Every structure is written in C-alpha cells, then in structure tokens.
Amino acid sequence: MWIFQSSGVYIYSPDGKTEKRFVPPEQVCPSDEPAYSGTGYNPSCRFYDIVSDGKKHVWAAVGRSASKIKVFDINTGSIVGAFETCKSPNKLEYHPLRDEVWVRCGDMADNSTETTILDVFSASSPSVNIQTDILVKEGVEGEGLSSRGLSVIDDTLGDIGYVTDRDLPYLFKIDLSEKTVSDKFEMTPASHGLYETAYSEVNKHVFVRSQVCCTCGFEGADKGASCGRYPGSNVTVTTGTFA
C-alpha cells in the first residue's frame, strides 16, 4: 500500500500495519527544480495522480512547475527516474495490453515543441521517447492555451481512447496506435464543453459530464443579480433562456 503526501511517500504492508519504506519529499521534489512560472516560488510536493502497472513501476504525476512523471520501483520504492512530459499532467492511465502509461495534460507552454495534450510512455522502458501529436484546439501551438479535460484509456477499448475539453462540446476519439485524433462527436443538446468522464467495462459506454454557461449580474439572469464570490466574465451562452 502506497501513500503519497507532501511530507513524502510512505509504503506499507498490504494490511497497513507495517511501514516498509519511506521516501522523503526532497528526493521526490528536489529544491533545485525550476520555480513555478518564473516567480521564484517552489510549491509544495503534491501529486495529481498515481498509477501502477502492477509489475515493475509506480508512476506519479507531481504537482510541481517541472512537467515530469516520477517513476518508482514497485518492490523497493526507489526512484527509477523523472521523465519529461507535456505541461500540467493531471491524469495517468495504464493500458495493460499495450503496456503503456498514458498522461493527460492540461496546458501547453509558450512556443512548446511538445505539441500534444496526451503523452504516452512505455511501461517497461519509461526512458524511450514516443512521439504523440494530439491536439484538440486550433491555434494551441505557440500560444500557451490550456486544454483542461480528462481521458478514457482502457484495455477493453483496444487501440481506441477518448479525450474531453471543458471548453469544447466534443468527445474526441484517439487512435492509440497512430497517436492522433481520429474523430470527434458533438454532444446534443448543445453544451459549452465536456469534462469529467466514467467508463463502464460492462456495456462499453463512456459517460461524460458536460459544462454549461449561466448568466448572472442582472435581474432575471439564470443565477440572479449576484455573480457570487468571483466576478463573471463575457462568454457566449449556448444553452438556456439567454442562448
């Protein structure tokens, strides 16, 4: 049993009674890593997602400014390496039939040469570079635009995966062999975008949570005269009375 915290990585026996290994945070998140967005501020050691191949490695998306995936030996807890990936990795998924770990990222750095929001590693050879070219927004390259969303990667889907973007009303179909977007499906009724996902291996359905925009700040608005704690912004409302 593995526990990832800002204070380090703790490895326990399956029953949780015996601590087998401790990896201090300074080994997982070295202080000499680049500061957050050039501010001089180094955030705490946080983890966005964890996945294991069940055989050799445990993979962790670390919430630091450096876009890297930390890989641990599943038996000893030793750090195998830190491998660069696309910016802001937030979801990891293991595909056992392809023996691959897929990474969904949320941002792209300005003038980035890594033009993808979905990266992939060989689970058995994480240092091997595999080129992907998966974008869901036009004009992302070189502009630093975000693509916040999640992915669906599962061995029962074969060489097909899916990706969402909270600002786009499409479910994007990914060819895992070609590592490109092969198709997209528009959601009806219309929504502003798609975000959270759930996949059923029983009926092979992908369930998606949509994002909608509401009006606020005037009498008769969807949310009333108040926009709440944070001010509203100008958006194109695609659903409801004021669409």
Side-chain angles (χ1 to χ4, degrees), residues 48-49 51 53 59 61 67 69 83-109 111-212 236 238-239:
Y48 287 128
D49 201 11
V51 74
D53 57 28
W59 304 64
S67 297
I69 303 297
F83 303 95
E84 292 188 3
T85 187
C86 41
K87 190 177 180 181
S88 301
N90 57 36
K91 185 175 183 181
L92 305 177
E93 294 175 285
Y94 175 61
H95 195 304
L97 298 183
R98 299 178 63 88
D99 196 34
E100 293 173 339
V101 173
W102 287 80
V103 184
R104 176 65 165 101
C105 293
D107 290 294
M108 181 176 292
N111 301 315
S112 173
T113 58
E114 299 294 330
T115 55
T116 188
I117 49 87
L118 195 63
D119 201 3
V120 61
F121 293 89
S122 166
S124 56
S125 302
S127 61
V128 175
N129 183 46
I130 303 176
Q131 179 65 38
T132 59
D133 184 22
I134 300 172
L135 296 176
V136 296
K137 288 181 177 176
E138 295 181 359
V140 169
E141 183 176 359
E143 296 182 9
L145 297 179
S146 64
S147 176
R148 304 299 172 87
L150 297 175
S151 58
V152 177
I153 308 292
D154 193 273
D155 61 291
T156 62
L157 292 171
D159 63 350
I160 295 298
Y162 295 93
V163 166
T164 61
D165 186 296
R166 71 180 183 184
D167 295 318
L168 296 174
Y170 304 102
L171 181 64
F172 293 89
K173 185 178 181 180
I174 308 299
D175 186 318
L176 301 185
S177 295
E178 296 295 327
K179 297 172 178 59
T180 57
V181 177
S182 62
D183 206 348
K184 64 179 181 180
F185 308 99
E186 186 171 6
M187 297 294 103
T188 54
S191 65
H192 177 75
L194 308 178
Y195 191 65
E196 294 176 322
T197 61
Y199 171 67
S200 171
E201 295 183 356
V202 177
N203 60 18
K204 294 183 173 56
H205 287 181
V206 177
F207 300 85
V208 185
R209 181 178 182 180
S210 65
Q211 304 279 322
V212 297
T236 300
T238 57
T239 61

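Predicted model, so just to flag it, every value in this text is computed and none were measured.
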- [ ] Give the minimum heavy-atom separation between Cys105 and Pro89, together with the two atoms involved.
- [x] SG-CA, 3.8 Å
Open item on the list: Just to verify, which of Leu118, Ile153, Leu92 counts as forming a side-chain contact (heavy atoms from CB on, under 4.5 Å) with Val103?
Closed with: Leu92
TODO: Scan for salt bridge (Lys or Arg N to Asp or Glu O under 4.0 Å) pairs involving residues 162-171, sequence neighbours excluded, and state none if there are none.
DONE: Lys137-Asp165, Lys137-Asp167
Task: Separation of Ser88 OG from Ile117 CD1 (nearest 0.5 Å) - done: 12.0 Å
TODO: Would you check, one step at a time, whether the test side-chain contact (heavy atoms from CB on, under 4.5 Å) holds for Val51 with Glu93?
DONE: CA-CA 7 Å; Val51 74; Glu93 294 175 285; 5.9 Å; no
- [ ] Side-chain contact test, heavy atoms from C-beta onward, threshold under 4.5 Å: evaluate it for Leu168 versus Leu194 and give yes or no.
- [x] no
Task: Any Ser147 side-chain heavy atom under 4.5 Å of Lys87 side chain - done: no
Open item on the list: Run the side-chain contact (heavy atoms from CB on, under 4.5 Å) test on Tyr199 and Leu157 for me, step by step, so that the C-alpha distance in whole Å, both residues' side-chain angles and the decisive distance to 0.1 Å come before the verdict.
Closed with: CA-CA 10 Å; Tyr199 171 67; Leu157 292 171; 3.4 Å; yes
Task: Phe121 side chain near Thr85 side chain, heavy-atom distance below 4.5 Å - done: yes
Open item on the list: How close do Leu150 and Arg104 get, counting heavy atoms only, and between which atoms?
Closed with: O-NE, 3.7 Å
Task: Gap separating the SG atom of Cys86 from the CD1 atom of Ile69, nearest 0.5 angstrom - done: 8.0 Å
TODO: Please lay out, stage by stage, how Ser191 and Arg209 fare under the test side-chain contact (heavy atoms from CB on, under 4.5 Å).
DONE: CA-CA 10 Å; Ser191 65; Arg209 181 178 182 180; over 6 Å; no
- [ ] Can you measure from CH2 (Trp102) to CG (Leu176) and round to the nearest 0.5 angstrom?
- [x] 4.5 Å
Task: Gap separating the CD atom of Glu100 from the NZ atom of Lys179, nearest 0.5 angstrom - done: 5.0 Å
- [ ] Check Val208 against Tyr195 and note the closest heavy-atom contact, atom names and distance.
- [x] CG1-N, 4.3 Å
Open item on the list: Counting C-beta onward and ignoring hydrogens, is there a side-chain heavy-atom pair between Tyr162 and Thr164 closer than 4.5 Å?
Closed with: no
- [ ] Calculate, to the nearest 0.5 Å, the distance between atoms CG and CG belonging to Asp155 and Leu97 respectively.
- [x] 4.5 Å
Open item on the list: Would Tyr94 and Trp59 count as a ring pair (Phe, Tyr, Trp, His ring centres under 6.0 Å) here? Give the steps.
Closed with: CA-CA 10 Å; Tyr94 175 61; Trp59 304 64; 8.5 Å; no
Task: Pairwise salt bridge (Lys or Arg N to Asp or Glu O under 4.0 Å) hits with a residue in residues 186-195, at least two apart - done: none
Task: Spacing of CG belonging to Asp175 relative to CD1 belonging to Ile160, to within rounding of 0.5 Å - done: 5.0 Å
Open item on the list: Any side-chain to backbone donor/acceptor pair from Lys91 onto Ser151? Under 3.5 Å, distance only.
Closed with: yes
- [ ] Look only at the side chain of His95 and the backbone of Gly158, and say whether a donor-acceptor pair between them is shorter than 3.5 Å.
- [x] yes
